Amino acid sequence: MKTSLLQVEGLTVRFGGLTALSNLDFKLGEGDLLGLIGPNGSGKTTCFNAITGLYKKNSGSVLLRNKEITHSSPQNIYRNGITRTFQRLRLAIGLSVFDNLVIGDAMHLNTSIYFNVFRRSNLRADIKNRLEQAEEILAFFNPKLIDNIYQPIGKLSMIDRRRIEVCRALISKPSVLLLDEPSAGMTHEETRDFMTDLMEIKIKTPKLGVILIEHEMNVIERVTDRCIVLSYGKKIAEGDYRDVSTNKDVRAAYLGED
Ligand SMILES: Nc1ncnc2c1ncn2[C@@H]1O[C@H](COP(=O)(O)OP(=O)(O)O)[C@@H](O)[C@H]1O
Ligand SMILES: [Mg+2]
């Protein structure tokens with residue numbers, strides 16, 4: 001039996017009269033790569049926002065390594081080991097790769113008074129540490145990225161921006177990584193290369209649990225071990241790609257969209 005990382009039970013999120021996520025249950029174990037699929041508006045991003053504490057849950061619970069984090073703050077959830085990327089990139093375009101990596105992590109630390117009063121003398125050491133950390137994570141993800149460490153994000157290709165966003169999510173050494181449509185805005189070729197990198201990450205960090213939201217079904221087929229299908233906020237199927245892709249409810253949900 002695999003060690004449980006994430007356990008979601010009865011998760012429900014409503015916006016006024018709309019139930020964006022309805023009584024969702026699933027588990028993620030160490031090393032799992034779980035696909036989260038479903039038509040537009042079916043609740044995939046809402047699921048990530050609820051798990052990471054950005055959205056309030058109307059009911060249900062989220063456990064990380066059997067510890068309840070349902071009502072924890074986004075900062076605490078981040079510190080406890082769940083990180084994510086966003087469907088629309090959230091990088092500061094004018095800032096360098098290094099700045100973006102550092103800001104991503106520092107954003108989650110409560111630096112103000114503590115930093116100013118007690119740690120100013122350590123600033124130089126802190127920057128050096130962070131540079132080492134940034135180089136380490138870039139090398140880990142894809143060594144070619146290090147050459148661009150002082151380049152502004154705006155100068156990078158879409159795939160490299162996505163890679164940097166993943167590096168930023170990995171810098172805190174999370175146990176759960178949530179990827180929200182990383183292939184959005186990438187060509188087929190870039191998507192293929194990106195997924196190859198992702199598979200490398202999985203090999204190098206075999207315990208990392210990943211949930212991937214993705215609309216390209218061939219990607220889901222190639223990289224996931226299991227997937228969950230949402231339709232109107234409800235889970236309508238779960239299983240390996242072959243099972244869910246032939247499931248009649250799933251076909252109906254997708255046909256309805258087209
Ligand atoms: N902050 C919000 N306020 C109001 N409605 C929202 C909000 N976030 C998402 N929704 C609604 O919840 C539903 C699910 O959205 P979302 O989770 O973004 O879908 P997906 O990521 O599967 O495309 C949609 O109907 C969307 O309009
Ligand atoms: Mg979405």
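Predicted model, so just to flag it, every value in this text is computed and none were measured. Note that ligands are numbered from 1 as they come in the structure, with each ligand's atoms numbered from 1 the same way.
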(message) Donor-acceptor check, side chain of R161 to backbone of G154, threshold 3.5 angstrom: yes or no?
(response) yes
(message) According to side-chain hydrogen bond (donor to acceptor under 3.5 Å, both in side chains), who are the partners of E216, at least two apart in sequence or on a separate chain?
(response) none
(message) For the OG atom of S22 and the NZ atom of K235, what is their distance to the nearest 0.5 Å?
(response) 12.0 Å
(request) Go through E68 and T70 one step at a time and tell me if the side-chain hydrogen bond (donor to acceptor under 3.5 Å, both in side chains) criterion holds. (result) CA-CA 6 Å; E68 169 119 30; T70 314; 2.4 Å; yes
(request) With the side chain counted from C-beta on, respond yes when F48 and L36 share a heavy-atom pair under 4.5 Å apart, and no when they do not. (result) yes
(request) Would you kindly check if the NZ (Lys) or CZ (Arg) of K204 is within the cone defined by 45 degrees around the ring axis of F140 and under 6.0 Å from the six-membered ring centre? (result) yes
(request) Heavy-atom cut-off of under 4.0 Å around ligand 1: list whichever protein residues fall inside it, by chain and number. (result) F15, L18, A20, P39, N40, G41, S42, G43, K44, T45, T46, Y55
(request) Answer whether the closest heavy-atom distance between the side chains of D99 and V102 falls below 4.5 Å. (result) no
(request) Sort by chain and number the protein N/O/S atoms found under 2.8 Å from the Mg ion (ligand 2). (result) T45 OG1, Q87 OE1
(request) Scan for salt bridge (charged side-chain N to carboxylate O under 4.0 Å, His left out) pairs involving residues 7-20, sequence neighbours excluded, and state none if there are none. (result) none
(message) Given S4, which partner from the list D32, L63, N66 fulfils the side-chain contact (heavy atoms from CB on, under 4.5 Å) test?
(response) N66
